[in-house]
There are 2 protein chains.
Amino acid sequence: MFKKKVIIIEDQEDLRDSFELIINGSSSFFVSKTYPDGESAIKEITKSKPDIAMVDLELPGINGIEAISQIKEKSPKTECVIVTVYEDSELVFKGLKAGASGYIIKNANYLEIISALEEITKGGAPMSSQIARMVIQNFHVNPNSPLSSRETEVLKLIAEGKSYTQISEELFISKETARSHIKNIYVKLNVNSKSEAIDRARKDHLI
Amino acid sequence: MFKKKVIIIEDQEDLRDSFELIINGSSSFFVSKTYPDGESAIKEITKSKPDIAMVDLELPGINGIEAISQIKEKSPKTECVIVTVYEDSELVFKGLKAGASGYIIKNANYLEIISALEEITKGGAPMSSQIARMVIQNFHVNPNSPLSSRETEVLKLIAEGKSYTQISEELFISKETARSHIKNIYVKLNVNSKSEAIDRARKDHLI
DNA sequence: TTCTATCTCACGCAATATGGGGGAAAAGAT
DNA sequence: ATCTTTTCCCCCATATTGCGTGAGATAGAA
């Protein structure tokens, strides 16, 4: 069984070295090369084609998100793991959208790092507890929604870009009823257009 | 330190019993009661207020998704874990939306079950490898999008319910240019309205 | 170099959608 | 008995939409 090829993109030399030591000490992975920035890694990515790239988010030059986008574009089979201290949800989601398959925090210990890499090769998605919870919560619908269930249904259709007429057809109600619901939604959410309503719905997880 | 109160909702008697044994054998959790269906559990939920509910998806009467919705409504602090054989993404996402905080598969072993419960109490979100990967992939943007980057920007704004005018203002282009982009998007996606474009965008993960 | 894709902008047109205002009736919950 | 929810109706002025057609500039690919 072959060892999986790993690259590390990390600007802090000490971290780069310790990750390298840890990974090279494992029986399933080896570090083929480390890079202090995204540009130098991307330049070689089509030739190196690593199985896994561990990417820091705070990088000189292009940031980690952008680096992952380019890695996935040039070498789609390379699985990217974000390694960072940041745990704010915006950054997490941007990273995942860019194509990251996992997300571990920098102070992870030896075992956590190796098991994350193993998780990746098994087709999993390693995430720290907080990250996993963040991702899950992103799915949860706000239980304190001010909207009635019918209004929520209507709001969902608004978020799908449906017109008054389309909404009324899908819910088997008259166009005027759809309009009524929408008016009430606007009042409750304190907005006065579809796009504002969608904004609120997304931000407050109303749908 | 108090043991956390767990309830089990599972129609198969053997599984119910073996989960109960496993959990009662742990030092941090105890099973206060088990239920063969959702209705009987929900009837008592406001009084029992368990810390954790393990819920099967295939239940006689109301299904697990609906059961979770009602549990979270009546006892929001109860953390729900879905326990099932199903692993199709639609069901996973419905469960998460309904308020589940974790998702484990039925053939999980002793350790996996206990560590899932511990993960939950730590504020994490236990998921099997496949589930985690599924959730992560849900974030990934299709790299084979037929749209140009500008068109993708426009499509995002369409999905936010923005009008031609609003889009042109946000992108600092003329209204006519926005219209041009939208026309091209429609041709490429083979649709002819905003709502259809949003449908495609969501289904094909174009945004 | 030629061709293609992309991004930008323009005008006209008919049909539809939108947001605001008003009102009302029935069912159910609290 | 009041409030909420759900259903439905009218009027109105303005904005939006989708379609057709056309075109200039730039940049990259064949």
DNA chain C: first to last nucleotide in contact with chain B (atom under 4.0 angstrom from a heavy atom), 5' to 3', is C:dT6 to C:dG12
Here's a test of your reading of the structure: between B:Ile173 and A:Lys183, which maps to the more 5' nucleotide of DNA chain C? B:Ile173
Closest non-hydrogen atoms of A:Leu206 and A:Ser145, given as atom of the first, atom of the second and distance, are CG-OG, 4.0 Å
Residues at least two apart in sequence or cross-chain that pass salt bridge (Lys or Arg N to Asp or Glu O under 4.0 Å) with A:Glu169, listed by chain then number, are none
Pairs touching residues 152-168 of chain A that satisfy salt bridge (Lys or Arg N to Asp or Glu O under 4.0 Å), sequence neighbours left out: A:Arg150-A:Glu153, A:Glu160-A:Lys162, A:Lys162-A:Glu170
Can you give me every donor-acceptor pair (side chain of residues 54-64 of chain B, partner residue at least two apart or in another chain, under 3.5 Å) with its distance?
from    : atom 1 : to       : atom 2 : distance (Å)
B:Asp56 : OD1    : B:Glu58  : N      : 3.4
B:Asp56 : OD2    : B:Lys106 : NZ     : 3.4
B:Glu58 : OE2    : B:Thr84  : OG1    : 2.6
B:Asn63 : OD1    : B:Ile65  : N      : 3.1
B:Asn63 : OD1    : B:Glu66  : N      : 2.9

Does the A:Lys5 side chain pair with the main chain of A:Ser48, one donor and one acceptor, at a distance under 3.5 Å? yes
Do B:Ser148 and B:Glu151 meet the criterion of a side-chain donor-acceptor pair at a distance under 3.5 Å? yes
With a 6.0 Å cut-off (strictly less than), is the heavy-atom count around NZ of B:Lys72, excluding the residue itself, greater than 12? yes
Might you work through the side-chain hydrogen bond (donor to acceptor under 3.5 Å, both in side chains) test for A:Asp37 and A:Ser40, ending with a clear yes or no? CA-CA 6 Å; A:Asp37 58 74; A:Ser40 57; 3.1 Å; yes
Main-chain N/O of A:Asn144 paired with A:Asn142 side-chain donor or acceptor, under 3.5 Å: yes
Rounding to 10°, can you tell me the angle the first-five-pair axis of the helix from C:dT1-D:dA30 to C:dT30-D:dA1 makes with its last-five-pair axis? 60°
Quick test of your reading: applying ring pair (Phe, Tyr, Trp, His ring centres under 6.0 Å), list the pairs with at least one residue in residues 129-172 of chain B, sequence neighbours left out, ordered by first then second residue. A:Phe93-B:Phe139
Pairwise N/O distances under 3.5 Å, protein to nucleotides 25-30 of chain D:
none

Might you confirm whether atom NZ of A:Lys97 has over 12 heavy atoms from other residues, nucleotides or ligands at distances under 6.0 Å? no
Return whichever of B:Ser180 or A:Ser180 has its heavy-atom-nearest nucleotide of DNA chain D closer to the 5' end. A:Ser180
Any base atoms under 4.0 Å from A:Ser174, or only sugar-phosphate, or nothing? Heavy atoms, all strands. sugar-phosphate
What string of B, S and - do you get for nucleotides 11-18 of chain D 5' to 3' if you count protein non-hydrogen atoms under 4.0 Å? B----SBB
Show me the side-chain donor-acceptor pairs of residues 14-23 of chain A shorter than 3.5 Å, one per line, residues at least two apart or across chains.
from    : atom 1 : to      : atom 2 : distance (Å)
A:Arg16 : NH1    : A:Glu10 : O      : 3.1
A:Arg16 : NH1    : A:Asp11 : O      : 3.4
A:Ser18 : OG     : A:Leu15 : O      : 3.2

Qualifying ring pair (Phe, Tyr, Trp, His ring centres under 6.0 Å) pairs with a residue from residues 182-207 of chain A, counting only residues at least two apart or across chains: none
With the criterion being N/O to N/O and under 3.5 Å, what pairs connect the protein with nucleotides 1-5 of chain D, and how long is each?
from  : atom 1 : to       : atom 2 : distance (Å)
D:dT5 : OP2    : A:Lys188 : NZ     : 2.9

Can you list every salt bridge (Lys or Arg N to Asp or Glu O under 4.0 Å) pair that touches residues 39-50 of chain B, not counting sequence neighbours? B:Lys33-B:Glu44
Tell me whether A:Asp51 contacts the main-chain N or O of A:Lys4 through its side chain, where contact means a donor paired with an acceptor under 3.5 Å. no
